[in-house]
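Numbers here simply count residues along the sequence, with the first being 1. The model shown is predicted, which means the values in this text are computed figures rather than measured ones. All values below come from the heavy atoms of this structure, side chains included, with hydrogens, waters and symmetry mates left out.
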Amino acid sequence: MHPYNRIPSSGQSTPSPPPSPLRSPRLRRSKQGRFAAGQQPGRTFAQRLAWLILSVLLRRQGIFLFAPLIYISGMLLYMGTVSFDVVPVIKHRPAPGSVYRSPQVYAKLRPEMDSDNSTSDTVSISTVWKHSYKSGEWQPCVNRSSGGLPESNGYIYVEANGGLNQQRTSIGNAVAVAGYLNATLIIPHFHYHSIWRDPSKFKDIYDEDYFITTLENDVQVVNTIPEYIMERFDHNMSNVYNFRIKAWSSIQYYRDAVLPKLLEEKLIRISPFANRLSFDAPPAVQRLRCLANYEALRFSSPILTLGESLVARMKKLSANNSGRYISVHLRFEEDMVAFSCCVFDGGEEEIQDMNAARERGWRGKFTKPGRVIRPGAIRINGKCPLTPLEVGLMLRGMGFDKSTSIYLASGKIYKSEKTMAPLFEMFPLLQTKEMLASAEELAPFKNYSSRMAAIDYTVCLHSEVFVTTQGGNFPHFLMGHRRYLYGGHSKTVRPDKRKLALLFDNPNIGWKSFKRQMLNMRAHSDAKGFELKRPNDSIYTFPCPDCMCRMNKSEDSRSSSAT
């Protein structure tokens with residue numbers, strides 16, 4: 001007997017398990033094939049057919065393996081009978097701010113704008129600037145040397161490229177380099193630019209004698225290279241050693257690499273020469289830049305005479321505002337519109353014009369393989385030039401009314417007859433140099449873009465408000481020059497073009513809401529007017545503190561009382 005066997009051994013086999021119970025009588029068929037007691041009453045043909053199919057599926061479960069194939073086949077058969085013309089088309093909605101809708105916004109806002117008689121937000125130009133610097137204003141303090149210069153280490157000849165203000169950068173940097181290396185500077189040579197197409201020389205734009213005299217104790221400047229030096233190079237400048245200097249090079253590079261060659265050759269050439277000196281330079285170098293740009297560079301007598309005449313005429317036209325006027329630098333010329341790659345409302349004609357202009361000015365630049373141009377993204381990022389209509393809406397929103405005198409600095413406006421009409425509607429006292437000056441007065445400058453830009457520069461420099469719309473060298477130099485003249489404040493409206501793109505894209509915006517946004521933008525420009533130079537900023541835009549000294553309030557009051 002096994003110890004774990006709990007059933008006593010009787011010599012009999014283990015009984016079989018009981019038989020399985022019979023099926024439910026309700027599911028048992030009789031010999032006649034009918035349901036037994038409890039069966040359901042007679043079914044319809046459809047019910048019997050469904051029951052038959054279900055029975056087959058339950059007994060042949062392998063058929064479910066083919067169910068996905070059956071489903072896919074059925075769907076393919078169904079799709080083959082449906083026309084794709086009825087499939088709904090999903091339209092892409094442009095991103096906010098990516099479409100030029102300013103004409104619709106103008107049409108919506110104009111009735112409210114014209115009927116706005118509120119005087120609380122309408123500004124007098126004489127009181128537009130509310131921001132005052134807490135520690136007092138700034139005043140120019142560029143010291144000139146009084147002693148003589150040591151013997152020169154040689155001559156430096158630079159070739160300035162670009163337009164009016166890029167050339168101005170070259171001149172200031174060349175003076176700084178020549179002074180630092182104790183070299184004699186040859187009056188810079190101006191390259192003929194394919195875009196500006198102006199063959200003007202230095203003396204055609206600037207007062208050459210005044211430039212040389214102002215710098216005489218700091219940097220020796222001459223207008224010609226001595227004969228004995230040129231004989232060494234067979235009177236051919238192409239034989240002179242030319243330095244190809246990287247952009248934004250440090251002044252130490254000039255000392256280490258350029259000076260030894262200068263001492264050896266006694267004449268060197270640097271071409272091209274524009275942004276070839278870092279903005280982050282020692283105080284001695286910055287002082288020479290300040291002296292050249294803000295003191296020594298003065299426009300030639302013909303430009304200065306006409307420019308000052310136009311300033312006087314603008315002040316006379318602005319008598320209702322105590323002689324104060326607004327100047328606007330409008331960059332809506334054909335080349336600027338083409339270069340921006342933005343799309344406005346000119347349709348197919350505009351597209352053809354811009355493609356042709358891009359090919360004329362920048363052959364192949366915009367049609368390189370793989371280059372993708374996204375006008376909507378450009379507009380959202382605030383890179384599109386403001387149109388005359390947009391400038392007018394912005395200024396009216398900032399509180400300037402129809403009685404405001406505006407001087408418009410620009411080249412030939414693209415489609416001017418159409419695009420300028422809304423701006424004249426909003427500001428009927430708007431003037432350009434062509435409207436202020438006679439044809440005879442402009443004739444000596446007409447075919448010289450740099451000289452025409454110099455006239456615009458002069459009139460903008462003396463306005464109470466300067467409005468920049470696109471950036472570039474022209475407004476940057478003006479902002480710096482205006483800071484130098486007006487106590488450190490640029491007196492410049494710099495619009496937030498990303499925000500403007502969103503506002504001009506909203507045809508449902510109301511006048512009060514739009515005006516509130518513009519007043520905030522004007523106040524922001526006012527507060528940013530006193531920006532100081534950071535290490536990598538340009539003294540040509542930010543003269544404080546390299547070119548100017550802070551004048552505290554006590555000194556300010558003493559100078560005012562003495563006056």
Side-chain angles (χ1 to χ4, degrees), residues 129 133 137-142 144 160 162-176 202 205-207 210-211 214-215 274-275 279 286-300 303-304 306-308 310-311 314-315 324-329 331 407 409-410 433 450-494 525-526 528-534 537-551:
W129 307 116
Y133 199 73
E137 292 187 339
W138 294 76
Q139 60 182 353
C141 60
V142 182
R144 302 188 192 184
L164 175 70
N165 291 286
Q166 192 171 354
Q167 290 170 348
R168 195 177 182 112
T169 304
S170 301
I171 297 166
N173 290 348
V175 168
F202 185 98
I205 300 174
Y206 299 105
D207 188 330
Y210 183 81
F211 181 74
T214 304
L215 295 172
N275 299 320
F279 287 135
Q286 300 292 59
R287 184 185 70 84
L288 291 174
R289 275 172 156 166
C290 297
L291 181 60
N293 186 61
Y294 295 115
E295 298 292 339
L297 278 179
R298 186 172 72 180
F299 289 128
S300 62
I303 292 174
L304 198 60
L306 181 57
E308 290 178 345
L310 298 190
V311 169
M314 281 302 302
K315 289 183 176 180
R324 294 178 171 88
Y325 60 92
I326 293 177
S327 60
V328 177
H329 183 225
R331 293 305 315 273
Y407 178 80
S410 71
K433 54 184 172 291
S450 291
R451 301 183 208 182
M452 295 286 272
I455 294 171
D456 280 338
Y457 187 101
T458 303
V459 184
C460 291
L461 184 63
H462 297 287
S463 63
E464 181 63 24
V465 179
F466 172 62
V467 181
T468 174
T469 63
Q470 184 60 18
N473 289 319
F474 186 93
H476 287 158
F477 267 87
L478 264 172
M479 283 190 285
H481 208 154
R482 288 166 66 81
R483 284 188 170 104
Y484 193 78
L485 292 181
Y486 304 129
H489 196 293
S490 65
K491 294 189 175 184
T492 301
V493 171
R494 299 176 66 184
S525 293
D526 185 12
K528 297 284 282 185
F530 277 109
E531 283 184 296
L532 302 183
K533 180 184 177 297
R534 293 162 295 188
D537 287 337
S538 165
I539 63 102
Y540 305 121
T541 305
F542 303 97
C544 307
D546 297 75
C547 310
M548 305 184 75
C549 303
R550 184 176 290 143
M551 180 173 59

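With a 4.5 Å cut-off on side-chain heavy atoms, Tyr325 and Val311 count as touching. Residues Leu310 and Thr458 have side chains not in contact (no heavy-atom distance under 4.5 Å, counting atoms from C-beta outward).
The distance from the CZ atom of Arg483 to the CZ atom of Phe530 is 9.5 Å, given to the nearest 0.5 Å. Note: Ser490 OG to His481 NE2 = 13.5 Å, rounded to the nearest 0.5 Å. Remark: Glu531 CD to Asp537 CG distance equals 8.0 Å, nearest 0.5 Å. The CZ atom of Arg534 sits 6.0 Å away from the CZ atom of Phe542 when rounded to the nearest 0.5 Å. Within the model, atoms CG of Leu461 and CG of Asp456 stand 12.0 Å from one another, a figure rounded to the nearest 0.5 Å. How far CG of Asn275 is from CG of Asn473: 7.5 Å, rounded to the nearest 0.5 Å.
Here the closest heavy-atom approach between residue Val459 and residue Gly307 is recorded as CG2-O, 4.0 Å. Listed here is the closest heavy atom pair of Arg482 and Lys491: NH2-O, 2.8 Å. Closest approach of Ile205 and Arg451 over heavy atoms only: CG1-CG, 4.3 Å. In terms of heavy-atom proximity, Arg289 sits nearest to Gly172 at CG-O, 3.9 Å. Summarising the geometry of Val142 relative to Cys547, their closest heavy-atom pair is CG2-O, 3.6 Å, with the distance given to 0.1 Å. Between Asn173 and Ala274, the shortest heavy-atom distance links the atoms ND2-O, 3.1 Å.
Residues passing the disulfide bond (SG atoms under 2.5 Å apart) test with Cys460: none are found, sequence neighbours excluded. Contacts of Arg494 classified as side-chain hydrogen bond (donor to acceptor under 3.5 Å, both in side chains), with partners at least two apart in sequence or in another chain: none.
By the 30° and 60° cut-offs, the orientation of the rings of Tyr457 relative to Phe299 is perpendicular. Ring geometry for Tyr540 versus Phe279: interplanar angle over 60°, hence perpendicular rather than tilted (30 to 60°).
Using modelled atom types, one side-chain atom of His489 and one backbone atom of Asp526 make a donor-acceptor pair closer than 3.5 Å. At distances below 3.5 Å, at least one donor-acceptor pair connects side-chain atoms of Trp129 with backbone N or O atoms of Glu464. One N or O on the side chain of Thr169 and one on the backbone of Asn165 form a donor-acceptor pair closer than 3.5 Å. With hydrogens and angles disregarded, a donor-acceptor distance shorter than 3.5 Å links the side chain of Thr541 to the backbone of His476. Distance alone, capped at 3.5 Å, is enough to place a donor-acceptor pair between the Gln167 side chain and the Gly162 backbone. In this structure a side-chain-to-backbone donor-acceptor pair under 3.5 Å is missing from Lys433 to Tyr407.
Under the 2.5 Å SG-SG cutoff, Cys141 and Cys549 qualify as a close cysteine pair.
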- prompt: Between Leu297 and Phe211, is a side chain to side chain contact (heavy atoms under 4.5 Å, CB included) present by the stated rule, with each step listed?
  reply: CA-CA 6 Å; Leu297 278 179; Phe211 181 74; 3.8 Å; yes
Side chain to side chain contact (heavy atoms under 4.5 Å, CB included) evaluation trace for Thr214 with Arg144: CA-CA 9 Å; Thr214 304; Arg144 302 188 192 184; 3.7 Å; yes
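Of the options Pro543, Ser538, Cys544, Pro545, a side-chain contact (heavy atoms from CB on, under 4.5 Å) to Lys533 is made by Pro545 and by none of the others.
You'll find the ring centres of Tyr484 and Tyr294 inside the 6.0 Å limit.
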